[in-house]
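Below is one structure, written out as structure tokens; comments come after it.
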Amino acid sequence: MELIEETPYRFRIDRHGEMRVPGVVFVSRTLLPHPDQDRSLDQVAQVATLPGIVSASYAMPDMHWGYGFPIGGVAATDVHADGVVSPGGVGFDISCGVRLLAADLDRHEFARVCDQVMNGLDRAIPRGVGRGAVWSLSGSDELDRVLRGGARYAVAQGHGVQRDLDRCEDGGAVADADPTQVSQRAVERGLGQVGSLGSGNHFLEVQAVEEVYDDQVASAFGLRPGQVCVMIHCGSRGLGHQICTDHVRVMEKAMTRYGIHVPDRQLACAPVSSPEAQAYLGAMAAAANYARANRQVLGEAAAAVFRAATGCGLDLVYDISHNLAKIEEHEVGGERRTLCVHRKGATRALPPGHRALPADLSAAGQPVLIPGSMGTASYVLAGVPGGGAFHSTCHGAGRVQSRHQAAKTVRANNLLRELGQQGIAVRGASRRGLVEEAPVAYKDVSEVVATAEGAGLCRTIARLRPLGVVKG
DNA sequence: ATGTCC
């Protein structure tokens, strides 16, 4: 497959075979996946064959191989021109995302209470595979209200304040959630997990604002140099996973009925207007609301720990998903069109003035939250004018080593010592989980962010460094 | 990512 270097931050894959549009990959030469180790460039080309896809099949600088679609992939289909929705374009962890909260506390003040806060978080934050949650729902009726209301329902139940909704994507809940399309098995898996991190790359970190690149925008976001923050990265747990599994199965069967051929079974899809697609989108929206409620109550639990140890609480900076499909209006070829925008390991990044932004963020643009790998920096970015890939940017560092590879090469004791030397307090759930997430298994998040900015997808507002990490 | 295989 031929790659054409258009700029230092942008490569093109010209249409060939069944591709309906070109591939556009926002990477530098060093971030370009190595075809021997990672087939995600092939996946970009395969996504370009989907019915109704418009403009291009895009990939962000943190791209790597994923189920069907690449992680870091963005693909939009025209809803009124046979466009499809594909669960593989969202991923198994539906509405996985990041919530950033800020304390009215300086990092030097945190040093005195670090042990107390970290021990408190260690007790308060459920994590690891299937080990409890902070919110005990009364039963499937209440789960239904979570699936419909997301963070709005959590706040209505006393788990938060209005600012939590103002600063959450979509005001805390997406519309059109359809809990009737969520299977009994998904409900059972979801009942006991609202308010839990899970495992893998999910975490809760205490961080400090290490550098601010734009004072005015950082201030609008509620961030200042030296400030202590809490970043939460998690998703929709077993519920989202089960929904993806259930609906992929349905779409695999439905595809032949709609006469859709895809080069990879993992690209199973259905026309957005079909009953199968509407069922998936309804269930996906329910999982998105579940994930928002999950992050809402985890943030509240962290705030309670901070309040007890320091006297100050935590204010929400923003909450944004990086695994979601959305029906959005975009201008394509001079025409206003209704698109189904899949973002999988890619973050929406709305420009200044966009009507979906809350009034106090309109001039600044939408905050974009980029979690680094364990022990490395995280970033706050902002959306920029121009559109790029339907107002999208990167979502994190991106793996370069498999979990298996990382576990073979990294020793837990060495890793813990290195983190300790950097002044990072660690409260992990398992040694295996820690070594799988070692920084060597990931790309350099600073280069990912610099590439995204160089490609005109966003701009850098602040860099955060970890002080303490709570891992699943 | 995930009751890491119903």
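Proteins get letters first, then strands, A, B, ... in listed order; numbering begins at 1 in each. The structure displayed is predicted, hence computed values, not measured ones.
Applying the 4.0 Å criterion to OP1 and OP2 of B:dT2, one finds that A:S199 has a side-chain N or O inside that range. Phosphate contact (OP1/OP2 of B:dT4, side-chain N/O of A:R403, threshold under 4.0 Å): absent.
Applying the salt bridge (charged side-chain N to carboxylate O under 4.0 Å, His left out) test to every pair with at least one member in residues 283-296 of chain A, sequence neighbours left out, gives these pairs: A:E169-A:R292, A:D170-A:R292, A:R295-A:D319.
The CG atom of A:L239 sits 12 Å away from the P atom of B:dT2 (whole-angstrom rounding). If you take CZ of A:R432 and C1' of B:dT4, they are 10 Å apart, rounded to a whole angstrom. Between A:E188 atom CD and B:dT2 atom P the separation is 18 Å, expressed in whole Å. Between A:R185 atom CZ and B:dT2 atom P there is a gap of 17 Å when expressed in whole angstrom units. The nearest whole Å value for the distance from the CD1 atom in A:I94 to the P atom in B:dT2 is 12 Å. As a whole-Å value, the separation of A:I71 CD1 from B:dT2 C1' is 13 Å. Whole-Å rounding puts the A:H241 NE2 to B:dC5 P distance at 9 Å. Between A:N294 atom CG and B:dT2 atom C1' the separation is 14 Å, expressed in whole Å.
Residue A:R399 is the one, among A:R249 and A:R399, whose nearest nucleotide of DNA chain B lies closer to the 5' end (criterion: closest heavy atom).
A salt bridge links A:D144 with A:R148; the closest basic N to acidic carboxylate O contact falls under 4.0 Å.
Residue contacts shown for A:G200 are limited to sugar-phosphate atoms, with no base heavy atom under 4.0 Å away. A:G91 comes within contact range of no nucleotide atom at all, as no heavy-atom separation falls under 4.0 Å.
For the side-chain hydrogen bond (donor to acceptor under 3.5 Å, both in side chains) test, residues two or more places apart in sequence or in another chain that qualify with A:R39 are A:D42.
Within 6.0 Å of atom CD in A:E18, 12 or fewer heavy atoms from other residues, nucleotides or ligands are found, so the atom counts as exposed in its surroundings.
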